[in-house]
Amino acid sequence: MAELPKTYDPAAVEPKWYARWLEAGAFEADASSSKTPFSIVIPPPNITGTLTLGHVLNNTIQDILARRARMQGREVLWLPGMDHAGIGTQTAVEKWLRKNEGVTRHDLGRDEFLRRVLQWQDKHGGIIIEQLKRLGCSCDWSRQRYTFDADYIRAVQNVFVDLYDKGLIYRGRRMINWDPAAQTALSDEEVISKPQQGNLYYVRYEIVEAPGKFLEVATTRPETIMADTAVAVHPTDKRYVDLIGKHAWRPLVREKLPIVADDAIDPEFGTGVLKVTPAHDKADFEIGQRHKLPIVDVLHPDGRINCPAVPELDGLDRFEARKKAAELLKGRGLLLKTEPYENNIGFSDRSEAAIEPRISEQWFLRYPKTKEALAVVRAHLIRFFPAHWEKVYAQWLENIQDWCISRQVWWGHRIPAWYPKSRSVEAGVSSAKQKNAADTAATTEEKSIRVQIESPDEGWTQDPDTLDTWFSSWLWAYETMDEEARKKFYPTSVLVTAPDIIFFWVARMIIAGLEFKPGQSDRVEDNIPFHDVFFTGLIRDKQGRKMSKSLGNSPDPLDLIDKYGADGLRFGLMRIAPSGQDIRFDEKQIEEGRNFATKLWNAARFRQMHGPSAAAPKINNRSLAIFASEVLARLNETIDAIEVAYCEYRFNEVAQRLYDFFWRDYCDWFVEAAKTEIFGEDEPRKKSALAVMDVVLSAVLRLLHPFMPHITEELWLLLGFGEQSIQFALPPEKIALEDVDLAKKRKLVTAVYDTVQAGRNLRAEAKIPSNKKERFVLCTANAEIAKEVPTISRLLNAGQLDIATHIRHTADTPMAMTPLGEIFLIVTAGDKTAERERLEKEMAKLEEELRTVKGKLENKSFVDRAPAAVVEEHRQRQKDFSEQLAKLKAARDGLN
RNA sequence: GGGCGGUUAGCUCAGUGGUAGAGCGGCUGGUUUACACCCAGUAGGUCGGGGGUUCGAAACCCUCACCGCCCACCA
């Protein structure tokens, strides 16, 4: 048996084991196995990504589930991979190119740029995979996939063609979200609205039919006045009814605008008059459609003003132009006033640029299977944990809009659509000038489009756009698997993800599963992508702020691993991660995880110092010390509690239970009590105590293994619990404690422990250093206690412990009540007053408790209606309290 | 405007009907032969406010307040 080193060194142990596990192929899934399958697909991190605490949380949970399933004898597939992350990666590489080569993607051209992305990817991409390995993730790396693998690309394009053929994908000119920084369209989900401090400008529009009279219009965007094509009021607004049907002069680029009536106008807002700018506002666009208004676009794709008719504004950035437009209007006496105003502005999730609503020709998906997707969650064919996310999911599906899937970025899955070379391709960017809004519903002449993967022939050119990254991710649950794996492992067991991608990914994967039916039959239950979804919390900093690069409040998990070990990080994080709630991160908590690992190490060392452990430890019920029975009973309770917690994905509870059991019940109480036997002369009893330790340690190591894989593996083999890796050891079963007296024994143990605590308290109150061996006397009627004197004495660190039936209480002998009787601390320098005060304090506390219990028992309703057991408990308590109080009183009176 | 979460010890959080808990931090004592990343002891809480249900509420119901998130076209 190897000697355990004095201290645990995760830096040496963790990489060693990880390398061995890989070498042994321990994480590889065998699709031909007859074992029950268990499968998880990883939420693929971006190829440009590096490990964050969010990843640590997420992947630790997946690893716990995977490792536990392996121990349970299941065939486990944890399928890893990465996402090509279209806009994200393109932005990252462009930034790198600008910095390192001083070139833009336009300098390089599309083909060359894409070559550079691949180069960059080889050199700098995929760091996160190595980081996940340091965390200990037991993914089947032999199956690692990428959303840009050749066959994955093909699958994505097939899906596009399929949906097009079904009439679900269409091309259309519509109002979309335009990101002027990335210069691409975005889906609604990629736009996040934030309140923004701005101004409300009150602008005068002269009435054409009544020169000298003005309409006042309140707007936040004076720079788009040139794109106004109407002025609108509410049809019942008395102030303006007379003007409906008349006209107003547009103040910039003077032109007649019709004054229309529309229900969408809120008469309460501003002046009750809206300038209608169909090209640059979603609501205005709809009003435009209703009134057949023309559309005037005055913005370049990059957000600069495109309006040569107003040279002062032309070419200016939209925000600059806003100020300038206000000045311009002011100069002409058309700006009445400016008020500070806060409104919600949409921002790009990625580039953080302010979004422009914009009319543009894009590809859209009319979602299929939305009702079915709702139904499978409603019927709990897919279960959400915590369940309240079902509502969020339902709300989205019930109000679902068509998905804008085309992106004007180069890096991504190219849209498999072809146009005759003669026709100029618009690349999604609309240059619509004066188009009639009514026409926009009509899509580009479908005849001229061919949707297929291969080029029809030389006369055709491919659509330059790429697909939204999520249009490839939604196939992740099954496109990552080959035919054989799919047969064995699809639908997957559980998806572990953060709730912020419930729409982006979770919902769409469910839809994809139901639509494309990758399962073994056409039945719904064979085609859902997963059975359970566990939503993790969001990790926040100590102040409750979201972790972000710009705030610099996100600690590098790799630093934490260096400092505390991967196991410490994992355990510390899991212990504070309540299911489904946000987590406030504090490094202290990781430190505790590390401390727990050290505790485990030292407890194992202690065991190992007293001889070799049994490979398959067994205990003999009859020879168990009462303390052993107690710790084993508590172990059984822990095993049960953990089982229940796992069923509901309450990982923090599993961790906390293990922590409490091991540290408090096992180390603090059992091991300390068992030292009597361990250091004693009685060989059979010593053996029994060591066997109990083996049973507990072996069980705890296995229970802890999913959380702390490295240290448990190390200790498992060092202690000799198995020649095989702990990874495939069966989970511990409950110990059969068929002892008829178990309840009685447990009560006695609790009484002993309470007595010890009372005695220690006496020592502390008497200001006696804890290392000083003092004499205690225990007055008790309990006949069985004599056997336990050595242990009680050890736990009290007593010089001597006498059992008596009576002792005269004097000031020299501080006394406390315990369930066993009275415990006295025999000291020489006693103080009568102090002792009386102490006793009276204790009496007061007891009296208070007694009053509560008595009150309840005197309440007839309580006695009649409460469960008999509860009433009985109260009666017992009343009896005990009264007796103890009487003894305290006698002791206090004895002092006189 | 709708929806969802939260409010328990100085801090971070457990606790879904029966004597209010843990860890950290504080204070006191300790080089007790596994562990100072430790051990022992201890202080600290009208469980956000109000109302209700119940013999009994931190927990269940109603209501208010505050904090956070999500959804929604008020310029």
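Below, chain A is the first sequence line, B the second, and so on; all start at residue 1. Only heavy atoms go into these numbers, but all of them, side chains included; no hydrogens, no water, no symmetry mates.
The aromatic rings of A:F662 and A:F596 sit perpendicular to each other, their planes meeting at more than 60°, with 30° as the lower class boundary. Note: A:F651 and A:Y649 have tilted aromatic rings, judged against thresholds of 30 and 60 degrees for the angle between ring planes.
Comparing the same atom, P, in B:G5 and in B:G41 gives a spacing of 40 Å after rounding to whole Å. Across B:C24 and B:G56, the matching C1' atoms stand 34 Å from one another, rounded to whole Å. If you take atom P in B:A59 and the same atom in B:A20, they sit 13 Å apart, rounded to whole Å. Atom name P, nucleotides B:G45 and B:U53: the rounded distance is 31 Å, in whole Å. Between the P atoms of B:C60 and B:G15, the separation comes to 12 Å (whole Å). Separation of the C1' atoms belonging to B:G68 and B:A9 is 23 Å when rounded to the nearest angstrom.
Base pairing analysis places B:C47 opposite nothing; no Watson-Crick or G-U wobble pair with both distances below 3.5 Å involves it. Pair assignment for B:U12 gives B:A22, based on Watson-Crick or G-U wobble hydrogen-bonding distances that are each under 3.5 Å. The pairing partner recorded for B:C69 is B:G3, the criterion being a Watson-Crick or G-U wobble arrangement whose two distances lie under 3.5 angstrom. In this structure, B:C37 makes no Watson-Crick or G-U wobble pair, since no nucleotide meets both defining distances under 3.5 angstrom. B:A75 is unpaired under the criterion used here, namely a Watson-Crick or G-U wobble arrangement in which both key atom distances are under 3.5 Å.
Here A:N761 lies in heavy-atom contact (under 4.0 Å) with sugar-phosphate atoms only. Looking at heavy-atom distances under 4.0 Å, A:R594 makes contact with a base. No engagement by A:Y202 is indicated, since no non-hydrogen atom pair under 4.0 Å with the nucleic acid exists. Using a 4.0 Å heavy-atom distance criterion, A:K845 is classed as making no nucleic acid contact. Residue contacts shown for A:R607 are absent, as no nucleic acid heavy atom lies under 4.0 Å away. A:D864 comes within 4.0 angstrom of nothing in the nucleic acid, heavy atoms only. Using a 4.0 Å heavy-atom criterion, one finds that A:D266 contacts the bases of the nucleic acid, with or without backbone contacts as well.
A side chain to side chain contact (heavy atoms under 4.5 Å, CB included) with A:V853 is found for one member of A:Q878, A:E873, A:Q876 and no other, namely A:Q878.
Regarding A:E189, its CD atom lies at a distance of 8 Å from the P atom of B:A72, rounded to whole Å.
Contact annotation: the side chain of A:Y666 never approaches that of A:V700 to less than 4.5 Å [non-hydrogen atoms, C-beta and beyond]. By the 4.5 Å heavy-atom criterion applied to side chains, A:R318 and A:R322 are not counted as neighbours.
Counting only heavy atoms from C-beta on, A:N344 has its side chain closest to B:A72 among B:A34, B:A72, B:C37. When each of B:A34, B:C71, B:C73 is scored by its nearest atom to the side-chain atoms of A:Q395, the top-ranked nucleotide is B:C71. Distance from the side chain of A:N771 is smallest for B:G30 among the nucleotides B:C73, B:G30, B:A75. Counting only heavy atoms from C-beta on, A:R877 has its side chain closest to B:U19 among B:C35, B:U19, B:A75. In this structure, the nucleotide among B:A75, B:C38, B:A34 sitting nearest to the side chain of A:N595 is B:C38. Closest to the side chain of A:R760, from the set B:C35, B:C74, B:A40, is B:A40. Residue A:W663 has its side chain nearest to B:C38 when only B:A34, B:C38, B:C74 are considered. Residue A:K588 has its side chain nearest to B:G25 when only B:A34, B:G25, B:G2 are considered. In the set B:G5, B:A75, B:A40, B:A40 carries the atom at the smallest distance from any side-chain atom of A:R664.
You won't find any donor-acceptor pair under 3.5 Å spanning the side chain of A:S770 and the base of B:G30, going by distance alone. Within 3.5 Å, no donor on the side chain of A:E268 pairs with an acceptor on the base of B:A75, nor the reverse. Under 3.5 Å, the side chain of A:K391 and the base of B:C4 form no donor-acceptor pair of N or O atoms.
At a threshold of 4.0 Å, the pair A:K845-A:E842 does not count as salt-bridged, since none of the basic side-chain nitrogens sits closer than that to a carboxylate oxygen.
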Problem set entry | side-chain hydrogen bond (donor to acceptor under 3.5 Å, both in side chains) between A:D660 and A:Q656, worked out | CA-CA 6 Å; A:D660 286 342; A:Q656 188 61 37; 3.1 Å; yes

